[in-house]
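Note that this is a predicted model, so its numbers are computed, not measured. Counting begins at 1 with the first residue of the sequence.
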Amino acid sequence: MSQGPSRDEVAAAAEKKTFEEHRAEGPDAVVCVVVTVSDTRTGETDTSGKLIANMLADHGHRVAFTRIVKDDAGQIRGAFEEACGDPEVQVVITNGGTGITPRDTTYDVALSMIEKEMPGFGELFRYLSYLDIGTASILTRATAGTCRGTIIMTLPGSGNACRTGMEKIILPEISHMVREVLKKG
C-alpha cells in the first residue's frame, strides 16, 4: 500500500509550481536594445550584435534599436543612458568590452550605473563558459543588474560567448527577469 508523497516531496512540488508560474507570468515579448562595444566592428562586421538581435527576434522579442560604440567609457555610458532613459526599453544586452585589457570598460561603466546587481548572471556565465573553453573563462567580467527599472546584461564580444549567454541564460530567463523588475513591492 502506497503512503503517498512525503512532506518534502509536496513542498518541492509546490516550490517548482511557483517557479513555473512566475516564469509564465512574464511578458511574451520584451523590448530590448543591443549595444556592441568595439573599436573595430562596423554594421557589416558586427556578427555578435546581429546574432543577439536575431536570437531575440526569433524568440518573439522586439529590438528597439542597436548601437555600435567604441570601447570608450563616455560612449558606453551614453548608450546605457539612452536605453535606460527610454520607458519602453526593458533590457539592454551588450557584447564586447568585458575583458581585462586596458581598453575593456563595459563592465566598469555598467557597474557604475547598476543599482541592483545580479551576481549570479556573471557567475553562471563564467561556469558555462568554463565548460566550453576551460579556465580562460575567468578573463570575462560579464555582469548584469538593473538601472532605473531596465535590466543591463553584458556579454563578451565573441560569437560563441554570445550564443552561450543567449541560449543558456538570457532567453530562458528574460521574461522572468522583466516580470521581477516590474513587480510592485
Worksheet, complete the sentence: Here the gap from I52 atom CD1 to T94 atom OG1, rounded to the nearest 0.5 Å, amounts to 7.5 Å
Worksheet item: What heavy-atom pair brings A142 and F121 nearest, and what distance separates the two atoms?
Response: CB-CE2, 4.4 Å
Fill in: Intermediate values then yes/no, side chain to side chain contact (heavy atoms under 4.5 Å, CB included), L111 and V109
CA-CA 5 Å; L111 199 59; V109 174; over 6 Å; no
Item to complete: Apply side chain to side chain contact (heavy atoms under 4.5 Å, CB included) to R141 and D104, showing your working.
Response: CA-CA 10 Å; R141 298 183 298 158; D104 290 326; 4.3 Å; yes
Item to complete: In plain terms, say whether E173 and R179 are close enough for a salt bridge, that is, a side-chain N and a carboxylate O under 4.0 Å apart.
Response: no
Worksheet item: For the residue pair L155 and G165, what are the closest heavy atoms and their distance?
Response: CD2-CA, 4.0 Å
Item to complete: List the steps and the verdict of side chain to side chain contact (heavy atoms under 4.5 Å, CB included) for K116 and C147.
Response: CA-CA 7 Å; K116 284 197 175 198; C147 174; over 6 Å; no
Worksheet item: Side chain of H59, backbone of M55: donor and acceptor closer than 3.5 Å?
Response: yes
Worksheet item: Between the side chains of R77 and S112, does any donor sit under 3.5 Å from an acceptor?
Response: yes
Discussion item. With a 3.5 Å distance limit and no angle check, can you tell me whether D71 reaches the backbone of D39 through a side-chain donor-acceptor pair?
Written reply: no
Discussion item. Measuring only between side-chain heavy atoms, which start at C-beta, is L56 closer than 4.5 Å to R62?
Written reply: no
Worksheet, complete the sentence: Scanning both residues in full, the closest heavy-atom pair of R148 with C84 reads NH2-CB, 3.7 Å
Item to complete: Report yes or no: do T154 and T106 form a side-chain donor-acceptor pair below 3.5 Å?
Response: no
Discussion item. Name the residue from T105, T140, T143 that meets the side chain to side chain donor-acceptor pair (under 3.5 Å) definition with T98.
Written reply: T140
Fill in: V35 side chain reached by T66 side chain, heavy atoms, under 4.5 Å
no
Discussion item. Does this structure show an ion pair linking R103 with D72, if we count only N-O contacts that are shorter than 4.0 Å?
Written reply: no
Worksheet item: Any link between V31 and L171 through a network of hydrophobic side chains (Ile, Leu, Val, Met, Phe, Trp, Tyr) touching at under 4.5 Å?
Response: no
Worksheet item: If you take all heavy atoms of V34 and N95, which pair is closest and at what distance?
Response: CG1-ND2, 4.4 Å
Worksheet item: Where do V181 and I151 land on the side chain to side chain contact (heavy atoms under 4.5 Å, CB included) test, with the steps shown first?
Response: CA-CA 8 Å; V181 170; I151 298 166; 3.7 Å; yes
Worksheet item: Taking atom CG of D28 as the centre, does the number of heavy atoms from other residues, nucleotides or ligands within less than 6.0 Å exceed 12?
Response: no
Fill in: E117 vs T146 side-chain heavy atoms within contact, under 4.5 Å
no
Worksheet item: Would a hydrophobic clustering, with Ile, Leu, Val, Met, Phe, Trp and Tyr connected at side-chain separations under 4.5 Å, put I170 with V33?
Response: no
Fill in: For I174 against C32, the heavy-atom pair lying closest together
CD1-SG, 3.8 Å
Worksheet entry | Non-hydrogen side-chain atoms of V30 and S175 separated by less than 4.5 Å | yes
Worksheet item: Donor-acceptor pair, R41 side chain versus G157 backbone, under 3.5 Å?
Response: yes
Worksheet item: Are M153 and M113 grouped together when hydrophobic residues (ILVMFWY) are joined by side-chain heavy atoms under 4.5 angstrom apart?
Response: no
Worksheet, complete the sentence: To the nearest 0.5 Å, atom CD of E123 lies from atom CG of L128 at 12.0 Å
Fill in: Beyond-backbone contact of Q90 with M177, side-chain heavy atoms, under 4.5 angstrom
no
Worksheet item: Under a 4.5 Å side-chain heavy-atom rule over Ile, Leu, Val, Met, Phe, Trp and Tyr, are Y107 and V92 clustered together?
Response: no
Ignoring hydrogens and angles, write down the donor-acceptor pairs under 3.5 Å from the side chains of residues 130-138, residues two or more places apart or on other chains.
from: D132; atom 1: OD2; to: T164; atom 2: OG1; distance (Å): 3.4
from: S137; atom 1: OG; to: R126; atom 2: O; distance (Å): 3.4
from: S137; atom 1: OG; to: G134; atom 2: O; distance (Å): 3.1

Worksheet entry | T36 to G49 - nearest heavy-atom pair and separation | OG1-CA, 3.6 Å
Worksheet item: Does the side chain of F125 come within less than 4.5 Å of K168's, by heavy atoms?
Response: no
Worksheet item: In the single-linkage hydrophobic clustering (I, L, V, M, F, W, Y; side-chain heavy atoms under 4.5 Å), do I114 and L182 co-cluster?
Response: no
